[in-house]
Amino acid sequence: MCSFDNFELAFQNARKRKTLKTYVIEFEKNLDENLESIRTELLLHSYQPKPLVQFIVRDPKTRRISKSDFRDRVVHHALINVIEPIFEKTFIFDSFANRVNKGNLKALERFDYFKRKVSRNNTRSCYVLKADIKKYFDEVDHDILLNILQKKIKDEKVMWLIKKILDNYNRSLSLSLSA
């Protein structure tokens with residue numbers, strides 16, 4: 001988890017499609033120093049994520065977005081690099097969000113495959129249900145989530161980090177609800 005190579009890869013993943021953002025440019029100016037600082041904080045268990053920035057997006061539905069500081073996103077990617085291989089094989093095949101070699105284009109291709117199959121190559125109508133779980137992350141029971149994760153992740157330091165990230169989300173959520 002705390003190898004310098006992992007943090008370099010995490011930085012590369014966190015900066016994708018954001019290379020011109022001021023916060024990425026600033027972080028990259030002292031890249032080695034910033035990555036070493038994160039690494040040291042994690043090794044010493046002194047890492048504290050910054051409070052999330054909350055904002056509203058309307059596209060077309062209204063959603064509250066919680067955005068992590070770029071430095072924390074590098075940490076998230078370092079964590080993903082370690083735990084994703086553990087969970088990838090258990091994910092539903094037709095889940096496309098935030099997965100390696102998946103994404104929007106692959107999801108549309110898969111949808112088109114099913115649409116053609118059900119409509120008999122577009123010779124008859126078919127119906128589609130598009131659904132979303134409202135405020136899923138706000139409502140998911142984090143204790144149950146952590147219990148599930150602990151069954152697969154045996155490294156207590158990795159679990160400590162996951163709890164830190166979830167606690168930061170919970171803290172930011174409670175602050176935004178009280179404001």
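Only heavy atoms go into these numbers, but all of them, side chains included; no hydrogens, no water, no symmetry mates. Position 1 is the first residue of the sequence; numbering continues from there. Values in this document were obtained by computation on a predicted structure and should not be read as measured data.
- Using modelled atom types, one finds no donor on one side chain facing an acceptor on the other under 3.5 Å when comparing Ser46 with Glu41.
- Residues forming a side-chain contact (heavy atoms from CB on, under 4.5 Å) with Glu109 (at least two apart in sequence, or on another chain): Leu105, Lys106.
- Partners of Phe111 according to the ring-ring contact (aromatic ring centres under 6.0 Å, His included) rule, which considers only residues two or more places apart in sequence or in another chain, do not exist here.
- Under the rule for a salt bridge (charged side-chain N to carboxylate O under 4.0 Å, His left out), Asp167 has no partner lying at least two apart in sequence or in another chain.
- Under the ring-ring contact (aromatic ring centres under 6.0 Å, His included) criterion, Tyr47 pairs with no residue at all, not counting sequence neighbours.
- Remark: Lys157 engages His45, Asp155 in a side-chain contact (heavy atoms from CB on, under 4.5 Å) (not counting sequence neighbours).
- Of all heavy-atom pairs between Arg39 and Cys2, the closest is NE-O, 2.6 Å.
- Partners of Ala10 under the side-chain contact (heavy atoms from CB on, under 4.5 Å) rule, at least two apart in sequence or in another chain, are Val74, His77, Ala78, Asn81.
- Listed by first then second residue, pairs satisfying salt bridge (charged side-chain N to carboxylate O under 4.0 Å, His left out) with a partner in residues 72-92 read Glu88-Arg99, not counting sequence neighbours.
- Using a 4.5 Å cut-off between side-chain heavy atoms of Ile, Leu, Val, Met, Phe, Trp and Tyr, Ile144 falls into a hydrophobic cluster with Ile148.
- Screening residues 16-27 for salt bridge (charged side-chain N to carboxylate O under 4.0 Å, His left out), with sequence neighbours left out, gives Glu26-Lys29.
- Checked against ring-ring contact (aromatic ring centres under 6.0 Å, His included), His76 has no partners two or more places apart in sequence or in another chain.
- Its side chain outside the 4.5 Å cluster rule for every partner, Val118 clusters with none of the Ile, Leu, Val, Met, Phe, Trp and Tyr residues.
- The distance from atom CZ of Phe70 to atom CD of Glu28, rounded to the nearest 0.5 Å, is 8.0 Å.
- Judged as a side-chain contact (heavy atoms from CB on, under 4.5 Å), and not counting sequence neighbours, the contacts of Thr123 are Arg120.
- Annotation for Val82 and Met1: closest pair CG2-CA, 3.7 Å, computed over non-hydrogen atoms.
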